[in-house]
Amino acid sequence: MARLASQAKAGFFPTPDIVVSLLKTKISFEKDARALDPCCGYGNTLSRLASPDTITYGVELDHQRATKAKSQLFKAVWGDALTEARVSTQSFGLLYLNPPYDTAINPDDNSDRRLEHQFLRTYIRTLQIGGILVLVIPYYVLKACAKTLARNFKVQVTGFPDEEFSIFKQCVVFGEKSYISEEKAKATQEHLEELAGMTPEEFQSEVWPLETMAPIVIPKADRPVNFRIDRLDPLEAIPVINKAGILQDVLQELIPTKNNNIRPLTSLENGHLALMLAGGYMNGAILKDGRQLVIKGVIKKIEKIVQVHENETGGGSITTKDQYIPTVKVIDMQTAELITVQ
Ligand SMILES: C[S@@+](CC[C@H](N)C(=O)[O-])C[C@H]1O[C@@H](n2cnc3c(N)ncnc32)[C@H](O)[C@@H]1O
């Protein structure tokens with residue numbers, strides 16, 4: 001998760017404005033067509049591309065971006081599009097994919113795998129036959145994606161405008177999802193691998209610029225859509241909990257029933273305060289710097305093995321020591337952030 005989170009921060013390379021504007025001139029939508037962006041960022045690119053009656057869906061790993069995307073798209077969810085999103089097959093006319101440009105470690109053999117290909121492979125099935133893939137990736141990643149693209153799509157590769165290309169060396173791949181013959185797939189794969197092996201200059205002069213792309217119409221999908229995520233978004237959950245009245249019950253449980261108005265004999269050191277917090281003497285809801293916080297202190301006892309003595313007959317003894325671990329948990333009731341101090 002730590003790796004995913006850092007990738008989410010670092011991997012935010014939104015489609016450049018000029019590229020979105022060019023795409024907009026090339027792509028139009030049948031009425032009520034559905035479009036999906038599994039790495040939607042703030043949702044800006046998809047919402048700009050869509051027509052007013054396009055039904056837009058997005059997934060985003062970064063919470064702040066996902067929250068903004070919710071206001072821009074018909075439906076956006078916060079979570080990991082590779083493991084947590086549940087999206088029905090063949091229910092989208094457009095798959096817009098500008099995934100993080102990175103590698104992930106394959107746990108089976110520790111080899112590196114391109115994340116762009118993982119997203120492509122995972123989301124191909126969401127496109128209906130005749131549906132359109134728009135894939136924005138660094139051109140050299142065509143090598144990792146060549147086989148999958150060639151087997152599932154009629155493909156056309158176009159170049160970024162030179163100035164934008166100079167930064168991440170991206171291209172735009174358009175693919176129409178189709179049944180492809182073995183022979184055709186093999187030829188396309190070879191062509192894509194060849195493009196991926198070129199120098200950036202060779203690549204840019206080999207492919208047609210985006211401007212020359214023929215216009216595309218995104219079809220309306222016939223199949224019903226199912227789109228949800230396994231992760232609970234606290235910003236959505238808190239109002240529901242509030243409405244259901246459960247929050248009051250939880251707070252009631254946390255607020256101590258006995259009067260803890262203690263008056264110490266001498267002034268307290270930080271250590272004393274920490275122990276009182278952990279001991280539950282300060283449990284309850286407080287308002288601090290405008291934040292509503294709920295505090296709960298817990299002291300957990302664990303048994304630590306300090307010595308193991310085994311004699312020749314197989315018997316022996318184990319010496320243990322009790323250890324007390326003071327923990328203070330604080331919940332910020334506005335953001336649902338949980339802070340644990342141990
Ligand atoms: C290259 S940006 C693309 C943003 C937008 N689609 C665009 O083209 O302007 C990739 C986005 O994918 C998000 N992301 C990275 N890993 C993800 C994952 N596993 N699931 C969902 N989103 C992810 C990043 O946080 C980032 O916002």
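Counting starts at 1 for both ligands and their atoms, following the listed order. We number each residue from 1, following the sequence as shown. In what follows, every heavy atom counts, from backbone to side chain, and hydrogens, waters and symmetry copies are set aside.
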### Note: R231-D80 ion pair, threshold 4.0 Å (strictly below)
no
### Task
From atom 11 (C) of ligand 1, work out which of R48, R65, E60 has a heavy atom at the shortest distance.
E60
### Query
For ligand 1, which atoms sit closer than 4.0 Å to a heavy atom of F119?
17 (C), 18 (C), 19 (N)
### Message
Side chains of Y96 and T15 only: does a donor on one sit below 3.5 Å from an acceptor on the other?
### Response
yes
### Task
Check the pair C145, I137 against side-chain contact (heavy atoms from CB on, under 4.5 Å), reporting the backbone distance first and the verdict last.
CA-CA 10 Å; C145 301; I137 49 171; 4.3 Å; yes
### Task
Using a strict 4.0 Å threshold on nitrogen-to-oxygen distance, state whether D17 and R48 make a salt bridge.
yes
### Message
So, 4.0 Å and heavy atoms of G79: is ligand 1 close enough to count as a contact?
### Response
yes
### Smallest separation among heavy atoms of P38 and L36, with atom names
CD-O, 3.8 Å
### Message
Could you tell me if the side chain of S91 sits less than 4.5 Å from the side chain of P224, heavy atoms only?
### Response
no
#### Entry: Atoms of ligand 1 close to P38 [distance to a heavy atom under 4.0 angstrom, numbered from 1]
21 (C), 22 (N)
### Query
Under 3.5 Å, N or O to N or O, is C39 touching ligand 1 that way?
yes
### Task
Determine whether the side chains of D222 and Q128 contain a donor N or O and an acceptor N or O closer than 3.5 Å.
no
### Message
Out of all atoms in ligand 1, which are within 4.0 Å of some heavy atom of D80? Include the element for each.
### Response
18 (C), 19 (N), 20 (N)
### Query
Are the aromatic ring centres of F153 and F174 under 6.0 angstrom apart?
no
### Message
Please confirm whether G58 approaches ligand 1 to less than 4.0 Å, judged on its heavy atoms.
### Response
no
### Task
Considering the heavy atoms of P100, write down every atom of ligand 1 situated less than 4.0 Å from one of them.
15 (C), 16 (N)
### Query
Quick check: does N98 get an N/O under 3.5 Å from an N/O on ligand 1?
yes
### Message
If we only consider heavy atoms of Y96, is any one of them less than 4.0 Å away from an atom in ligand 1?
### Response
yes
### Query
Is the H63 ring parallel, tilted or perpendicular to the W78 ring (thresholds 30°, 60°)?
perpendicular
#### Entry: Close N or O approach (F13, ligand 1; < 3.5 Å)
no
### Query
Quick one: does D62 get an N or O within less than 3.5 Å of an N or O on ligand 1?
no
#### Entry: Sub-6.0 Å ring centroid separation between Y57 and F92
yes
### Message
Just to be sure I'm reading this right: ignoring hydrogens, which of L49, L61, T15 gets closest to atom 21 (C) of ligand 1? Compare them by their nearest heavy atoms.
### Response
L61
#### Entry: Heavy-atom check, side chain of Y139 versus side chain of F160, under 4.5 Å
no
### Query
Quick one: which ligand 1 atoms are inside 4.0 Å of a heavy atom on P14?
7 (C), 9 (O)
### Message
I need the atoms of ligand 1 closer than 4.0 Å to a non-hydrogen atom of T45, numbered in the order shown.
### Response
7 (C), 8 (O), 9 (O)
### Message
I need the atoms of ligand 1 closer than 4.0 Å to a non-hydrogen atom of A81, numbered in the order shown.
### Response
18 (C), 19 (N), 20 (N), 21 (C)
### Task
Would you kindly specify which portion of D37 sits under 4.0 Å from ligand 1, judged on non-hydrogen atoms: side chain, backbone, both or neither?
side chain
